[in-house]
2 protein chains.
Amino acid sequence: MKSLSIKDIAVKANVSITTVSFIINGKAKEKSISEAVIEKVKKIIEESGYKPNQIARSLRTGNSNIIGLIIEDISNSFFSRIARLIEDKAYKRGYKIIYSSTENNIDKAKELINMFKSRKVDAYIISPIKGIEEDIQMLLDDGNPVILFDRNLPDINTSYVGADHFNASYQSIQNFIDQGKKNIALVTTDINVEQIIERYDGYKKALEDNGIKYDDNLVLKIHFNQDESDTIAQIKELFENKKIDAVLFVTNYLAISGLKALKQIDKKVGDDFAVIAYDDHEAFELHTPRISAIQQPLEEIAETIIKLILSRLSSKGKLPAEEVIIPTRLVLRD
Amino acid sequence: MKSLSIKDIAVKANVSITTVSFIINGKAKEKSISEAVIEKVKKIIEESGYKPNQIARSLRTGNSNIIGLIIEDISNSFFSRIARLIEDKAYKRGYKIIYSSTENNIDKAKELINMFKSRKVDAYIISPIKGIEEDIQMLLDDGNPVILFDRNLPDINTSYVGADHFNASYQSIQNFIDQGKKNIALVTTDINVEQIIERYDGYKKALEDNGIKYDDNLVLKIHFNQDESDTIAQIKELFENKKIDAVLFVTNYLAISGLKALKQIDKKVGDDFAVIAYDDHEAFELHTPRISAIQQPLEEIAETIIKLILSRLSSKGKLPAEEVIIPTRLVLRD
DNA sequence: CAGGTATGCTAAAACGTTTTAGTCTGTCAA
DNA sequence: TTGACAGACTAAAACGTTTTAGCATACCTG
């Protein structure tokens, strides 16, 4: 069964295709189509269930009402929640979102950008990785709105929305120190990405400002794509062999692995072993004792991203790049 | 900067558009284009970075190499993990996935189907809700491959992939009974959806088969979209006012709310109060004590879905509907 | 009553592909 | 010498829209 085209509607209504098109696009008034014709055509469209072919529309107009969202991994709750919020907000403004995960793989990221490009998405929201600067620059050169989020790319001059990773980290460490902790570990990853580096810098600076010597042995860098069992083993080793009284996990999945490790070596989180995780997670609230976490204001991040995108989409000229740094919230538990 | 078109390539290579098209689509041999020309054109394409406009392609061919995925909520980890797996597997076969959440809202679901339809996606993977049967039937009537998953729609004759919800539930209850439990509660939701009903039926049947009287007071139906605080309050009430020694939560987010409720009333999970959750969650492994869960084999579900889709996409004639019911795994912890 | 303007509508080009139905050479068999 | 056929390539239609430019007709204005 072939689906209806604008031509079928035009024939049925005994008017031209142009007229139908004007009516569909709300230009009937402006183009002085008579009330009678408008009514008639609308009625036929209604009854027949005709929906314009978006592909033809895109081909003609050059835009798709689709925003491409490129993230690290949709199965990570930080991203899936952000994605959901963005989708929701975009949807309300008539935009659809296509999303896809890079898995921190440069080639996949490049391919995704190409695929979005060839599908003519109207704008890009990207949580970038190092190595795709050129591709992003090309998008910008072609005049596409691009918003980076979560992690910035220093060489790229475009808008960015992200949490204040440095201060979040700094405050957490300061909090440990205020509690009298002296041997503070950091469990981080080896992906070379702005926001992870900032979290690391915050850790270092806080120690420094408090006159505590930075000790490389207390910093564990986990390889990104490794098996969780290996991660747990490495963390166990750290906790068993070093004198540690507090630890900051730089992502929530690392914290989860860390808590599993603690369980296995039967070490309890409590007064003499403090834990803070970056990015909250349901498990933390439920854990005994409850685990403190740095919350990123997802709602606000999503809202800001959408605002920036939409303003760029509606303005003719290029708007200057904006950097929005959103403060985090340290939720202390138990 | 306008992007290149096939015409630009044709001009550069001093051949016709047709020839370029043949080469791009691997039909050069078949259409007897000379080796020399093939080489020349390929080189130019390579150097210029030309990528065919997929929209024009879709308009002409009528297919998009895109599969639409409609789920309840991408921020729910069951769905986000399935989505990720499906995306991955589809990607390897040259298909892209567009996904969107219905939030159990019939209107949104219908809109999504329409939007996918007008974007000419090649196939649909849907975790459906009641009330969109007609729309799905229309897709089928138009000859589109449609695979339902997670929950079936009895009135629709198309392929379905899902876990064995009934038996999963039955086994959990049987397990409680084998441990000597007598007062077994069920915390479920009021969404009227196959897989929830099956889980409920399994609960009921297991009680019955073991000669335990079904007690409506031990079944709590939570309203789908309500605030978590209300959910927790209702669960607290159930646990405080009824004599209960075991409970099956019908989804993982209900289990999480339930565990929060238990914490608030300081009731411990243990020998005299057993808990099983449907769908595993990181929090369960970490909880003290660890919480038992019914695991759905996500990998297998995703793989089966993709297989069914691809076979339908490649076969000319309509393949008969297949129903694949995948056994779950009851993971008993602590 | 000429000329301007508003009203109501439409023909046809354009977007970038794929594909059908050729055209034009040259070779070879009869 | 003819004509059949293969080899190498191409013109143009088609996909379903949007939009520009323009055509009538009627009405007003000075």
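So you know, we letter chains A, B, ... as the sequences are listed, proteins then strands, and number each from 1.
- A:E87 and A:Y99 share a side-chain donor-acceptor pair at under 3.5 Å.
- B:K29 places its NZ atom 14 Å from the C1' atom of D:dA8, with the value rounded to the nearest Å.
- Atom CZ of B:F22 and atom P of C:dT19 are 8 Å apart (whole Å).
- Screening B:L140, B:L313, B:I125 for a side chain to side chain contact (heavy atoms under 4.5 Å, CB included) with B:P145, the sole residue that qualifies is B:L313.
- Ring planes of B:F149 and B:F79: perpendicular class, angle over 60° (limits at 30 and 60°).
- Whole-Å rounding puts the A:I33 CD1 to D:dC23 C1' distance at 14 Å.
- For A:R57, whose side chain is taken as the heavy atoms from C-beta onward, the closest listed nucleotide among C:dT17, D:dT17, C:dG16 is D:dT17.
- A straight line from CG of A:N25 to P of D:dT20 spans 12 Å, rounded to a whole angstrom.
- No more than 12 heavy atoms of other residues, nucleotides or ligands shown are found within 6.0 angstrom of CD on B:E134.
- Along DNA chain D, the nucleotide nearest to B:S16 and the one nearest to A:A56 differ in position, and the one closer to the 5' end is contacted by B:S16.
- Atom CG of A:N65 and atom C1' of D:dT17 are 14 Å apart (whole Å).
- For the pair B:I55 CD1 and C:dT18 P, the computed distance is 14 Å after rounding to whole Å.
- Where A:L59 and B:T18 each meet DNA chain D at their nearest nucleotide, the meeting point lying more 5' is that of B:T18.
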